[in-house]
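Every chain is numbered from 1 and lettered A, B, ... according to where its sequence line falls, protein lines coming before strand lines.
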Amino acid sequence: MIEGADDTKKARKPNGDAAQWNYCHWLMKSEPESRIENGIDVKFGIEDLKSEPEQIACWDGVRNHQAKNFMRDQMRIGHKAFFYHSNCKEPGIAGVMEIVKESYVDHTQFDKKDAHYDRTAKEDNPRWFMVDVKYVRHLKRFIPLTELKHYHLEHKSNGGPLAKIALFTSARLSVQPLSSEEWDFIVGLEDAEGLK
DNA sequence: GCCAACGTTGGC
DNA sequence: GCCAACGTTGGC
């Protein structure tokens, strides 16, 4: 069978919204600084991903249905994602990773010792899914949230690729889609000088 | 540490 | 199915 041939199920769109786009660029948030949740440190920054065997890790712990649906229904092998550092001293985009395994059951939902244990999840009817990501590279420079916000506000007023970026229009979503225009604009920033 | 924004829960 | 109360996210 051809890879991804059973797309009827995986590619179905929420609410049958015909206007929904199928994305192939993503932004995924993780916390690079130590924080204890349910007695467990949830720290996982881009350096932690880089240190993993083969620089691959499962993106576990997502406990929001919209974020999960993006991973389960739309993320495909080869898609690129920004590694975003959240809830830290300097929030922003640190680097690029690649999806290397499509969605499968997030085992941590059944693990009482995990920070994101979900007592309502049942083994025969899992609620949460994850993908595997591989470190690709750091951006040539860290792109701080403040800079992205600057362009977002400017583009909202005068037009531009970041006018509707989910980072600000769906700020709390931990797995976000980006249009190709948004992606390209942000990648282009690494060669520009940061804002003073 | 504060708290605004927003997602989830549960009573009715 | 509404919506108030509550919980979480995440910038500041």
Side-chain angles (χ1 to χ4, degrees), chain A residues 13-17 20 23 25-49 57-75 81-97 103 105-106 108-122 125-131 133 138-139 141-157 160-178 182-183 185-186 189 194-196:
Chain A
K13 297 164 190 172
N15 311 321
D17 182 353
Q20 177 112 13
Y23 293 96
H25 296 98
W26 306 95
L27 180 148
M28 302 170 84
K29 298 181 185 175
S30 187
E31 302 185 31
E33 293 172 8
S34 285
R35 187 174 64 80
I36 305 302
E37 198 175 322
N38 301 335
I40 294 120
D41 192 348
V42 297
K43 170 185 183 292
F44 190 79
I46 192 167
E47 296 299 339
D48 297 303
L49 176 59
C58 58
W59 203 264
D60 62 333
V62 170
R63 296 294 182 266
N64 167 281
H65 288 291
Q66 203 182 345
K68 171 215 69 179
N69 289 344
F70 279 132
M71 289 199 294
R72 190 192 57 187
D73 302 337
Q74 293 199 44
M75 273 191 187
F82 286 131
F83 196 122
Y84 179 88
H85 281 171
S86 71
N87 203 16
C88 56
K89 199 167 287 178
E90 195 176 26
I93 297 173
V96 176
M97 49 193 176
S103 76
V105 172
D106 179 348
T108 65
Q109 68 194 293
F110 309 120
D111 180 359
K112 286 182 179 152
K113 299 222 169 68
D114 191 273
H116 303 106
Y117 171 62
D118 180 354
R119 63 200 203 96
T120 70
K122 297 283 170 281
N125 186 22
R127 304 184 75 193
W128 305 112
F129 295 82
M130 61 188 183
V131 297
V133 296
H138 277 67
L139 292 183
R141 66 181 181 92
F142 183 86
I143 310 289
L145 177 66
T146 50
E147 181 172 345
L148 295 165
K149 183 154 202 175
H150 166 86
Y151 287 114
H152 166 63
L153 292 174
E154 187 181 295
H155 294 181
K156 212 167 71 162
S157 302
L162 299 195
K164 294 179 178 171
I165 187 169
L167 193 56
F168 303 107
T169 58
S170 304
R172 294 176 53 189
L173 195 56
S174 67
V175 175
Q176 312 187 343
L178 282 87
E182 290 165 344
W183 177 272
F185 180 84
I186 293 169
L189 291 177
L195 300 173
K196 289 289 151 29

Contacts of type ring-ring contact (aromatic ring centres under 6.0 Å, His included), residue A:His116, not counting sequence neighbours: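 A:His116 satisfies ring-ring contact (aromatic ring centres under 6.0 Å, His included) with no residue once adjacent residues are dropped.
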
Residues that A:His65 engages under ring-ring contact (aromatic ring centres under 6.0 Å, His included), provided they are two or more places apart: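 Expected list: A:Trp128.
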
With A:Asp118 via salt bridge (Lys or Arg N to Asp or Glu O under 4.0 Å) - residues at least two apart: A:Arg127

Toward the 5' end of DNA chain C, which comes first, A:Thr146 or A:Arg35, by nearest nucleotide?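 The answer here is A:Arg35.
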
Donor-acceptor side-chain pairing of A:Glu182 and A:His152 below 3.5 angstrom: no

Would you mind reading off the distance between [X] atom [atom1] and [N] atom [atom2], rounded to a whole angstrom?
{"X": "A:Glu31", "N": "C:dG10", "atom1": "CD", "atom2": "P", "answer": "7 Å"}
{"X": "A:His65", "N": "B:dC6", "atom1": "NE2", "atom2": "C1'", "answer": "15 Å"}
{"X": "A:Asn69", "N": "B:dG7", "atom1": "CG", "atom2": "P", "answer": "14 Å"}
{"X": "A:Lys149", "N": "B:dA5", "atom1": "NZ", "atom2": "P", "answer": "11 Å"}
{"X": "A:Leu173", "N": "B:dA5", "atom1": "CG", "atom2": "P", "answer": "18 Å"}
{"X": "A:Arg63", "N": "C:dT9", "atom1": "CZ", "atom2": "P", "answer": "11 Å"}
{"X": "A:His116", "N": "C:dT8", "atom1": "NE2", "atom2": "C1'", "answer": "11 Å"}
{"X": "A:Asp118", "N": "C:dG7", "atom1": "CG", "atom2": "C1'", "answer": "14 Å"}

Looking at C:dC12, C:dG10, B:dT8, which one has an atom nearest to any side-chain atom of A:Ser86? C:dG10

Classify the angle between the aromatic ring planes of A:Phe83 and A:His85 as parallel (below 30°), tilted (30 to 60°) or perpendicular (above 60°). perpendicular

Within the pair A:Lys29 and C:dG10, is there a side-chain N or O less than 4.0 Å away from OP1 or OP2?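 Yes, such a contact exists.
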
C:dG11 phosphate, OP1 or OP2: any side-chain N/O from A:Tyr84 under 4.0 angstrom?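 True: A:Tyr84 side-chain N/O within range (under 4.0 Å) of C:dG11 OP1/OP2.
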
For A:Lys149, what residues pass the side chain to side chain contact (heavy atoms under 4.5 Å, CB included) criterion, not counting sequence neighbours?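 Listed in chain order: A:Leu153, A:Phe168.
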
Comparing A:Gln66 with A:Asn87, nearest DNA chain B nucleotide closer to 5' gives the residue A:Asn87

Heavy atoms within less than 4.0 Å of DNA chain C: which residues of residues 161-172 of chain A have one? Give them sorted by number.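 Of all residues in residues 161-172 of chain A, the ones placing a heavy atom under 4.0 Å from DNA chain C are A:Ala171, A:Arg172.
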
I'd like a table of donor-acceptor pairs (distance under 3.5 Å, sequence neighbours excluded) in which one partner is a side-chain atom from residues 36-44 of chain A, with atom names and distances.
from    : atom 1 : to       : atom 2 : distance (Å)
A:Glu37 : OE1    : A:Arg35  : NH2    : 2.9
A:Asn38 : ND2    : A:Ala115 : O      : 2.6
A:Asp41 : OD1    : A:Arg35  : N      : 3.1
A:Asp41 : OD1    : A:Lys43  : N      : 3.0
A:Asp41 : OD2    : A:Ser34  : OG     : 2.8
A:Lys43 : NZ     : A:Asp48  : OD1    : 3.1
A:Lys43 : NZ     : A:Asp48  : OD2    : 3.0

